[in-house]
Amino acid sequence: MSAIANQLNTIRQRIAKAARVAGRSENAVSLLAVSKTFSAEMIRAAYAAGQSSFGENYMQEALEKIKALADLRGQLEWHFIGPLQSNKTKSAATHFDWVHSVDRLKIAQRLSEQRPIHLPPLNICLQVNLSGEASKSGASAADAVSLAHALAILPRLKLRGLMTIPAPTDTLDAQRLAYRKVSELFATLRNDGLALDTLSAGMSADLEAAILEDATLVRIGSAIFGTRVRD
Ligand SMILES: *Cc1c(COP(=O)(O)O)cnc(C)c1O
């Protein structure tokens, strides 16, 4: 078995165990393999091991890999998870199935206008930053509710849920606390009538905490592909 296949197995077991501990079905948590900085050939190896959803952060790098893997078009699902500037929305709308990092109405409007008509609506998550760190991207707690309702009605987008990247912390309790705030907001929005099914939360170091707080999609990079030489 390839190293990537081994590491994918280990991650799938971690997800299944965390779901069991949380009293949830392991099918309730999907795995996004974050392939930023790793090669198209490594993505191919992960695909051969049964992984079909991949997350990328940098548009130019992502487009090169999507092109290199064009023979698998229709088999792979591409998720854009990095910061998204206005000049990249056209590429995101054209080449991706999902964008997790929508945190402003203007970006969402551009994605909706630029989503090609022959493709289904673009799946998006509203990225939130509930810890109030000014340096991080993501909508604040104060803005998130009205923004979610505004995104939900854009015609060529499908608002699937929330995404968050909390500041790294060491203990399970601290990790859970950060994820719980987002999980509570997710529940509030669903109670408000938004048909959301995706809570994109949890990375290599804290997926257990995220799953305990109801994450439905974990974004895992280094635990599958190895240590990144750059971020
Ligand atoms: C890099 C990245 C990940 C994966 O992080 P790992 O610690 O390598 O699992 C997840 N989400 C986002 C938004 C990232 O940029």
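Worth knowing before you read on, the calculation uses all heavy atoms, side chains too, and leaves out hydrogens, waters and symmetry mates. One-based numbering, in listed order, for ligands and for the atoms of each. Predicted model only: the values in this text are computed from it and were never measured.
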Q: Does any donor atom in the side chain of Ser86 or Lys106 lie under 3.5 Å from an acceptor atom in the other side chain?
A: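 Yes, a side-chain donor-acceptor pair sits under 3.5 Å.
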Q: Looking at Ile165, which atoms of ligand 1 are within less than 4.0 Å of one of its heavy atoms?
A: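 Every atom of ligand 1 under 4.0 Å from some heavy atom of Ile165: 13 (C).
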Q: Is Lys67 salt-bridged to Glu64, cutoff N-O under 4.0 Å?
A: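 Salt bridge flag = no for Glu64 with Lys67.
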Q: Is it the case that Ser53 and Glu77 place a side-chain donor and acceptor less than 3.5 Å from each other?
A: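 Glu77 and Ser53 do have a side-chain donor-acceptor pair below 3.5 Å.
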Q: Output the list of atoms in ligand 1 that are nearer than 4.0 Å to some heavy atom of Asn57, sorted by atom number.
A: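 Numbered from 1, ligand 1 contributes 14 (C), 15 (O).
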Q: For Gly221, take its heavy atoms, then give the atoms of ligand 1 lying under 4.0 Å from any of them.
A: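 Result: 4 (C), 6 (P), 8 (O), 9 (O).
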Q: Starting from atom 6 (P) of ligand 1, which protein heavy atom do you reach first, and at what distance in Å?
A: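 Here the nearest protein heavy atom works out to Ser204 OG, 3.5 Å.
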Q: Take Arg110 and Glu113 through the test salt bridge (Lys or Arg N to Asp or Glu O under 4.0 Å) and record every step on the way to the result.
A: CA-CA 5 Å; Arg110 289 176 64 92; Glu113 282 158 14; over 6 Å; no
Q: Examine the proximity of ligand 1 to His100 and report which part, side chain or backbone, both or neither, has a heavy atom under 4.0 Å away.
A: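 Neither; no heavy atom under 4.0 Å.
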Q: For atom 11 (N) of ligand 1, which protein heavy atom lies nearest, and how many Å away is it?
A: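 Going by distance alone, atom 11 (N) of ligand 1 is nearest to Arg219 NE, 2.8 Å.
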Q: Is it true that Thr164 and Gln127 share a donor-acceptor pair across their side chains at a distance under 3.5 Å?
A: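 The answer is no; no qualifying pair exists.
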Q: How far is atom 2 (C) of ligand 1 from its nearest protein heavy atom, and which residue and atom name does that atom have?
A: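 For atom 2 (C) of ligand 1, the nearest protein heavy atom comes out as Lys36 NZ, 2.6 Å.
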Q: How far is atom 10 (C) of ligand 1 from its nearest protein heavy atom, and which residue and atom name does that atom have?
A: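 Closest protein heavy atom to atom 10 (C) of ligand 1: Met203 SD, 3.3 Å.
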Q: What are the atoms of ligand 1, with element, lying closer than 4.0 Å to any heavy atom of Ile220?
A: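 Those atoms are 9 (O).
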Q: In sequence, state the C-alpha distance, the side-chain angles, and the governing distance for Glu61 and Lys65, and then conclude on salt bridge (Lys or Arg N to Asp or Glu O under 4.0 Å).
A: CA-CA 7 Å; Glu61 178 194 328; Lys65 288 184 233 179; 2.6 Å; yes
Q: Please determine, by modelled atom types, if Tyr179 and Asp214 share a side-chain donor-acceptor pair under 3.5 angstrom.
A: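 Per modelled atom types, Tyr179 and Asp214 side chains form no pair under 3.5 Å.
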Q: Does Ile81 reach ligand 1 with a nitrogen or oxygen that is under 3.5 Å from one of the ligand's nitrogen or oxygen atoms?
A: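 No, there is no polar N/O contact under 3.5 Å.
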